[in-house]
Number of protein chains: 2
Amino acid sequence: MSKTFDKLQPYLDKTMALQTARTLFEWDDETAAPYEAANNTSKVIGILSNEYRNSLINDEVRKLLKKLQEEKEQAALSEKEKAIIKELGRNYEQLESIPAEEYRAFSELASKSCRTWARAKKGNKYEDFAPILKEIIGYKKKFAGYRAKNGKKPYEVLLSDFEESFGIKELDIFFEKVKKELIPLLKEVGSKADTIDKSYNYLNYDIDKQKEFCKFLSGYLGFDFNRGVIAESAHPFTTQLHNHDVRITDRYIEDNLESAMFSIIHETGHAIYEMSIDDSLTQTLVGGGTSMGMHESQSRFFENNIGRSKEFWEPLYDKLVAAYPVQLKEISLEHFIKGINKAAPSLIRTEADELSYPLHILIRYEIEKMIFNDEVTVDDLPNVWNKKYQEYMGITPPDNTSGILQDTHWSMGEFGYFPSYAIGSAVAAQIYHHMLEVMPLKDYLKDGNLTPIREYLKDTVHKYGATKNTNQILKDMTGEEFNADYYINYLKEKYELLYEI
Amino acid sequence: MSKTFDKLQPYLDKTMALQTARTLFEWDDETAAPYEAANNTSKVIGILSNEYRNSLINDEVRKLLKKLQEEKEQAALSEKEKAIIKELGRNYEQLESIPAEEYRAFSELASKSCRTWARAKKGNKYEDFAPILKEIIGYKKKFAGYRAKNGKKPYEVLLSDFEESFGIKELDIFFEKVKKELIPLLKEVGSKADTIDKSYNYLNYDIDKQKEFCKFLSGYLGFDFNRGVIAESAHPFTTQLHNHDVRITDRYIEDNLESAMFSIIHETGHAIYEMSIDDSLTQTLVGGGTSMGMHESQSRFFENNIGRSKEFWEPLYDKLVAAYPVQLKEISLEHFIKGINKAAPSLIRTEADELSYPLHILIRYEIEKMIFNDEVTVDDLPNVWNKKYQEYMGITPPDNTSGILQDTHWSMGEFGYFPSYAIGSAVAAQIYHHMLEVMPLKDYLKDGNLTPIREYLKDTVHKYGATKNTNQILKDMTGEEFNADYYINYLKEKYELLYEI
């Protein structure tokens with residue numbers, strides 16, 4: 001028992017409460033709030049955000065944190081408390097380094113920028129977005145500069161906000177492998193894409209039935225409806241107030257069977273992670289998933305490694321056919337499995353298949369590095385973007401809407417975020433490889449018995465929340481830190497088999 | 001411009017933001033949150049409530065408030081600022097008079113009590129609820145005692161929280177009239193209830209079609225879907241984050257056509273009030289409807305005075321029949337109007353018709369007075385309740401579930417709230433009488449032209465928010481303060497005509 005930690009507790013509680021309120025406002029904005037609410041509501045959110053900052057950045061917390069970081073005090077802390085202090089230290093360093101006024105100015109800019117971006121994307125007008133993007137990048141460089149100690153590069157600082165286990169060095173190695181192995185594979189696969197028929201996917205699929213089937217799928221995977229809800233939003237996402245209130249959304253498209261189904265599997269992967277975090281950790285600074293990469297590994301594991309396997313669909317496919325007897329009458333399970341794994345070079349990240357996906361991320365990673373190394377101007381970004389798509393994918397975006405303007409991340413200042421998507425897929429492949437070794441995974445899937453899979457992930461990954469980082473989790477689980485080879489091998493094996501290469 | 005008021009502004013803003021967050025959590029709890037979320041979420045709400053209290057009850061606000069209440073400072077304030085200071089003074093006096101620990105203990109008790117009440121109601125076990133009700137009443141007496149100055153009775157203090165224009169004296173006069181005039185009228189009407197057929201109402205009405213028609217009705221009345229949303233909850237209610245985010249809920253019952261329809265008309269009345277409050281007032285302490293009674297007058301005006309009139313349904317009834325051609329084939333508009341106005345003594349307040357409703361409130365008012373005058377014990381409440389129902393309605397509840405346990409209000413400590421429901425109906429009748437004189441109201445209804453009605457209410461009632469109280473609004477609008485005779489006359493005329501008395 002640390003008396004110093006006890007003194008800190010009320011501040012941590014207040015931070016948690018204000019953060020939960022902000023999360024609820026965000027959820028509400030995406031799923032319920034009326035169209036014209038935003039202006040007045042943003043005033044509320046601004047005040048709550050300011051309160052949030054003040055609950056952390058103040059003399060008392062600074063004093064307590066410094067003390068708790070000392071060796072003597074550390075000795076009196078539990079593992080959980082140590083993890084909380086470490087996380088607090090990180091948050092503190094991030095927030096404190098930026099002067100309050102600059103932080104507020106940036107927050108306002110980012111919120112404005114988000115709307116400017118949306119309009120620019122809709123109208124295919126990169127030139128309307130470029131000026132504000134310049135400002136955003138200016139702020140991010142400045143902020144990263146405040147925090148870049150010991151010769152650390154600004155981009156390194158930004159990356160560390162999303163995934164502490166992976167810096168530029170690790171990512172360079174990872175993306176080199178992606179580049180070397182997956183570009184030629186995708187090219188070959190792309191040339192054979194026509195051998196797989198997927199026209200069935202674009203027939204008319206009643207939306208109420210889609211909703212019903214997606215809800216069933218989510219529960220089948222283990223989503224606990226007593227501790228979570230499913231709603232609709234423009235883009236599927238997962239959020240949580242705590243481990244007993246985890247929320248996912250989906251989007252239903254009438255002439256696309258796959259879209260909502262694989263989104264719900266993906267989001268359910270995120271949700272199961274959050275629902276399985278230990279009760280003793282939830283509502284603390286280490287009460288969420290440990291990193292963006294690790295989170296994405298769980299959603300991708302369910303979506304791709306499991307969700308696109310034949311074994312997974314064996315006990316399920318008849319039910320899907322029963323929901324759509326006319327549309328799927330002629331489509332065998334084998335046909336369906338090939339369909340959901342069809343791959344080819346593509347322009348849009350969020351619609352990309354499992355194989356072309358990491359190349360979308362590779363392009364963004366290379367461009368983000370260039371931006372923060374001052375190797376490209378904002379005005380030249382569309383050219384760089386299009387050239388890389390031509391070089392790696394063999395296709396050039398016909399316009400900026402389906403090119404550089406497609407993602408919202410940069411408009412909110414989220415640089416360094418994209419790599420964690422690819423890291424997530426690679427971590428998922430490593431976990432998948434490991435689980436095939438330690439349990440009859442495919443038999444479980446065939447039997448429709450997801451419980452042992454979920455339980456194993458809970459015991460090795462989920463329950464720890466953010467008390468262990470990605471590499472610690474992987475090491476303790478598989479005996480090995482992150483190794484991208486599993487990912488490359490998984491994709492090669494899978495696609496060579498599917499396309500008989 | 002008052003510099004003192006400017007200093008107060010940040011505190012007011014913080015209070016508003018925290019109050020808005022609490023409102024959102026309440027809305028979310030009723031409409032979206034998963035079943036098991038409550039325990040963890042209540043921790044968040046507890047912290048935010050505490051922050052809310054601290055944002056008001058502190059030395060700086062106390063000092064500024066005192067100064068702003070002085071004559072000299074008042075002279076420098078705008079009307080809006082004066083109203084805010086008055087409202088702040090009221091809130092301050094309420095909150096400050098109760099020691100923080102007692103307030104917290106009571107809040108926890110009330111939240112626990114609410115669940116105890118729900119279980120007791122379900123199981124018809126008043127004895128399970130009685131002990132906690134005793135505690136609740138104990139707290140309320142104590143709290144009222146802290147605030148009862150100048151020989152004011154505790155119940156008077158509680159009443160003033162909901163409606164400053166109406167104390168015991170005014171309510172005694174009002175309820176005497178209700179008693180004298182409406183008990184015999186209801187008795188006579190009840191004896192003729194069988195002359196009106198309403199069996200059509202209890203056929204099977206598809207819920208999706210109900211939802212669609214209710215949404216149409218709400219928009220027809222003037223609900224602005226860009227500034228509001230409709231959701232579902234166990235009990236219909238209205239809430240708002242500000243005047244650009246007003247939310248109503250409804251409940252749909254398959255074998256009851258009326259229930260959802262008149263609930264949505266009622267809630268739309270509340271919503272139109274909130275949506276029409278001036279932009280300059282929203283998000284301030286005077287940015288909501290002025291009182292419970294005035295709010296209820298607006299919902300009742302739309303629900304009863306307008307919504308149950310023949311003129312209102314003339315342009316609408318064909319559309320309703322078209323939605324349910326089988327069920328309503330034989331039912332003429334005249335038949336339907338008689339059906340929706342059928343009245344008889346009843347046991348359940350929330351299901352009561354327009355005529356028996358005030359008698360339900362009369363009973364509660366008399367019992368609440370007895371409680372706070374120490375004229376009845378908690379254990380004896382069911383007896384008193386049942387006797388009054390027998391005396392005024394001519395029927396005795398068969399069990400406590402449909403008797404004393406039916407309402408949630410007392411379990412949350414909301415004593416003094418019920419009278420505002422009846423006051424609301426009476427104010428509505430007074431406004432209705434006035435509007436018939438100043439505009440061709442019935443012609444507007446026949447023409448389906450609700451705009452002039454809504455605009456008039458906006459200009460005379462809504463836009464002022466809480467800057468004028470109920471009596472001021474009535475005086476400025478009708479030339480007369482509250483006068484219950486309009487209500488009594490309205491009901492007598494209406495029901496004598498309907499039942500050919």
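Note that the structure is predicted; figures quoted are calculated from it, not measured. Sequence lines set the chain letters: A, B, ... in the order given, protein chains first and strands last, and positions in each chain run from 1.
- The 12-atom threshold is exceeded at OH of A:Y324, counting heavy atoms of other residues, nucleotides or ligands nearer than 6.0 Å.
- Heavy-atom neighbours of B:Y35 OH from other residues, nucleotides or ligands within 6.0 Å: at or below the threshold of 12.
- A:A37 approaches B:D245 most closely through the heavy-atom pair CB-OD2, 3.4 Å.
- Against chain A, the residues from residues 41-62 of chain B that qualify, each with a non-hydrogen atom under 4.5 angstrom away, are B:T41, B:K43, B:V44, B:I47, B:L48, B:E51 in number order.
- In A:E212, the CD atom is not crowded: 12 or fewer heavy atoms of neighbouring residues, nucleotides or ligands sit closer than 6.0 Å.
- B:T31 does not touch chain A: none of its heavy atoms, backbone or side chain, sits under 4.5 Å away.
- Within residues 18-27 of chain B, the residues having any heavy atom less than 4.5 Å from a heavy atom of chain A are, in residue-number order, B:L18, B:T20, B:A21, B:L24, B:F25, B:W27.
- The two residues B:A32 and A:R247 make their nearest non-hydrogen contact at CB-NH1, 4.3 Å.
- By number of non-hydrogen pairs under 4.5 angstrom with chain A, the leading residue of B:Q283, B:H244, B:H242 is B:H242.
- Atom CG of B:N39 is surrounded by 12 or fewer heavy atoms from other residues, nucleotides or ligands within 6.0 Å.
- Here the side chains of A:N243 and B:N40 are in contact, with some heavy-atom distance below 4.5 Å.
- Only the side chain of B:D28 comes within less than 4.5 Å of a heavy atom of chain A; its backbone N, CA, C and O stay farther away.
- The neighbour count for A:K211 NZ, taken as heavy atoms of other residues, nucleotides or ligands under 6.0 Å away, is above 12.
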